[in-house]
Number of protein chains: 2
Amino acid sequence: MVDKPVRIQDVARAARVSTATVSRALSTPDKLSEETRKAVFEAIRLTGYRVNQAARNLRMQRAGAVLILVPNLSNPFFSQILAGISGVFMETDYSVLIADTRARGADDTRLVDYSLARVDGIISLDGGLRPEIMAEFADRGAGDRMLFACEWVQDTPLPSVRSDNVTGARLAIQHLYDLGHRNIAHVTGPEDNVLTHARRTGMLEQRARLGLPVQEDWIIRGDFSLDSGRDAARRILEMAHRPTAVFCASDQVAFGLISTLTAAGVRVPEDLSVVGFDDIELSEYYVPALTTIRQFRRTLGARAARLLLDRLTGARPDLPDGDVLMVDVELVVRDSTAPPPSGR
Amino acid sequence: MVDKPVRIQDVARAARVSTATVSRALSTPDKLSEETRKAVFEAIRLTGYRVNQAARNLRMQRAGAVLILVPNLSNPFFSQILAGISGVFMETDYSVLIADTRARGADDTRLVDYSLARVDGIISLDGGLRPEIMAEFADRGAGDRMLFACEWVQDTPLPSVRSDNVTGARLAIQHLYDLGHRNIAHVTGPEDNVLTHARRTGMLEQRARLGLPVQEDWIIRGDFSLDSGRDAARRILEMAHRPTAVFCASDQVAFGLISTLTAAGVRVPEDLSVVGFDDIELSEYYVPALTTIRQFRRTLGARAARLLLDRLTGARPDLPDGDVLMVDVELVVRDSTAPPPSGR
DNA sequence: CTGAAAGCGCTAACAG
DNA sequence: CTGTTAGCGCTTTCAG
């Protein structure tokens, strides 16, 4: 049977107090006498009262929701970040909305309108938002209620929570070096992506530090996808002088690469070592199990969520340099790396 | 700079009409004279007006949101279904909320309260909701505004959109049979899951039809996870009389299985064939590329979303038998299956 | 076809 | 510490 919803009025009547008192019991319980408080909560329990969020939001001049901008909702990489974010907001009275910025029909101009009108805060996992869009967000006062997680937009004053991509890349190169590799290729992410840049930078720095030669055609352009891993493998197979190891900008790239190399008879790690980046769940069970750089995606999401929450509630926690909250990464050594074939 | 938001009042003033007229222009444009309508839309454009959803929702006695219950948000399998759902609601004025039913702290009793108080409709991807919970949903009038996608709860009068799991299982067995396999094992999903049941049923039926022997210990209990695939592989390795093929209830199980078998020196598909279920993106790039049953997850999500939307707006589209909307599946043959080793 | 006005359920002054 | 009261911005009768 369908009860008609209980209103704050009904609770007030049941507890023999005013609606204001019920409201206070919910938001600032310490400001009530113990007696009253008890009575109110008892009445709430009896009536089965639930706050009407629409009314509360209207009154409080807020939307009661935060928006998560995801570049590609069907990419498994993002789901754990989402889980982290979602977990934090679950315990608040903010709803979490999710929008796929790259989905068919999602023109990002409309996104700004849509967003700021409907939500109190925004977490973007998309670092590829166009500068005009970012400017418009800023104009509309999003500065205090928007931030980035995982990816970010360069030269924007918004805070961001990110993995230590540079260190990750260094760890990967160092690991390969320690195994004896000197001829190391790299498959990058998409050219305009901030993660691509950070990981390539880390890789180049570490190479320079170790005195490894830089060979132009060993930097292969990819886009984090399985397909781009396959394409990179084809390029490598055609090379006269092949590298003995490849550091991939994502685990997916590594899978596309290994899959294609294996089909062509090149064995990993015996003939060629491969390192990924991300440590998605499957990496442990790939054939061979993938050596990779682990990102703590859930933690990253949770931190971003908490940061936004703090800002929304007026707290202004100090942020380190450049408003960047860095999350550590770690090297996970498995079976896709080994010393180079003898004689190389 | 931060503009204070434009209200319907402001538009009315700019268009020299009443707020009621502006409201009508938005909801029932045909009821206005062309002249007025034009004036209003011009005013809306000029002022940059956006509806305040909280106010609209309060007035219309609705929540303006739908809730998606996901058993495990960090499981990549669900993200594409979400993408399909999300795409449909993006074009409406409903927000999409996502709740992880299995997350830490998500006790599902609270879920009912939380849900029905805050949303207009619910799509559950979780078929494991306890009967009490379902009963409570029903009591609270959720019957018209809740449905299942992908998974479902048995013996509940709620509609569901699902893949044709039984046929999928049959296709898998038939494919192995056609290759010459007669000794086929199956790794199931979790015991209490409806998908587990459907897939096992399809498998048993097809086996019976083909006159294949049923050997008890070739039905291995799993839970759709990578780890359970690994465990199943260990069981198989210990068998005196091993099957020549394994049909897994999910691609993840297949990966866990293949990874562990390979490490133990059993080659797939030369020594043993493996079929998965789902066709997640990675399956094509596994080593070996996985033969599997493809589910159209995005379509499934979109259909469920459209169905809920219809019900929310009062339309009552006819549903086929038992309120089940079935989505086709298909067999995708890749490299993890081959004829059994000669002599078996 | 259009306008006036009531009120959705809640919170936050303000007054006591 | 508690009650009274005025709206938050919108939609929808009810009149005209």
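Chain A is the first sequence line, chain B the second, and so forth, proteins listed ahead of strands; every chain is numbered from 1.
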N/O donor-acceptor pair, side chain B/Arg50 with base D/dG9, under 3.5 angstrom: no

Whole-Å gap separating P (D/dT2) and CG (A/Asp30): 12 Å

Test: A/Arg311 and A/Asp120 ion pair at under 4.0 Å: no

Minimum-distance nucleotide to A/Ala55 side chain [options: C/dC10, D/dT4, D/dG9]: C/dC10

Nearest-neighbour nucleotide for the B/Thr19 side chain, D/dC10, C/dT2, C/dA5 considered: C/dA5

Distance in angstrom units between A/Ile44 CD1 and C/dC10 C1', rounded: 13 Å

Residue A/Arg7, side-chain atoms from C-beta onward, closest of C/dA5, D/dC10, C/dC10: C/dC10

Distance, rounded to the nearest Å, where B/Arg37 contributes CZ and C/dC1 contributes P: 9 Å

Separation of D/dG3 P from A/Lys31 NZ (nearest whole Å): 16 Å

Among D/dG9, C/dG3, D/dT2, the nucleotide that comes nearest once only the side chain of B/Val17 is considered: C/dG3

Candidates C/dA12, C/dC10, D/dC10 - which lies nearest the side chain of B/Asn52: D/dC10

Length of the CZ-C1' vector between A/Arg16 and D/dT2, whole Å: 16 Å

Residue A/Leu58, side-chain heavy atoms: nucleotide from D/dG9, D/dG3, C/dC1 that is nearest: D/dG9

Separation of C/dC8 C1' from A/Asp10 CG (nearest whole Å): 14 Å

Nearest-Å distance for atom pair CZ/P, residues A/Arg13 and C/dG9: 12 Å

Listed nucleotide nearest any side-chain atom of A/Arg59, set C/dC10, D/dC10, D/dT4: C/dC10

Spatial distance of atom CG (B/Leu125) from atom CZ (B/Arg297) [nearest 0.5 Å]: 12.0 Å

Side-chain donor or acceptor of A/Asn57 paired with backbone N/O of A/Ala63 under 3.5 Å: yes

Any B/Thr21 side-chain N or O less than 4.0 Å from OP1/OP2 of C/dG3: yes

Given DNA chain C, 5'-ward residue of the pair B/Gln61 and B/Leu32, judged by closest heavy atom: B/Leu32

Between P of C/dC8 and CG of B/Asn57, the distance in whole Å: 16 Å

Pair A/Arg56 + A/Asp93: basic N to acidic O under 4.0 Å: yes

5' precedence on DNA chain C between A/Ser23 and B/Thr36 (nearest-nucleotide basis): B/Thr36

Nucleotide nearest A/Arg56 when distance is taken to its side chain, options D/dT12, C/dG9, C/dT11: C/dT11

Pair A/Glu34 + A/Lys38, salt bridge at N-O below 4.0 Å: yes

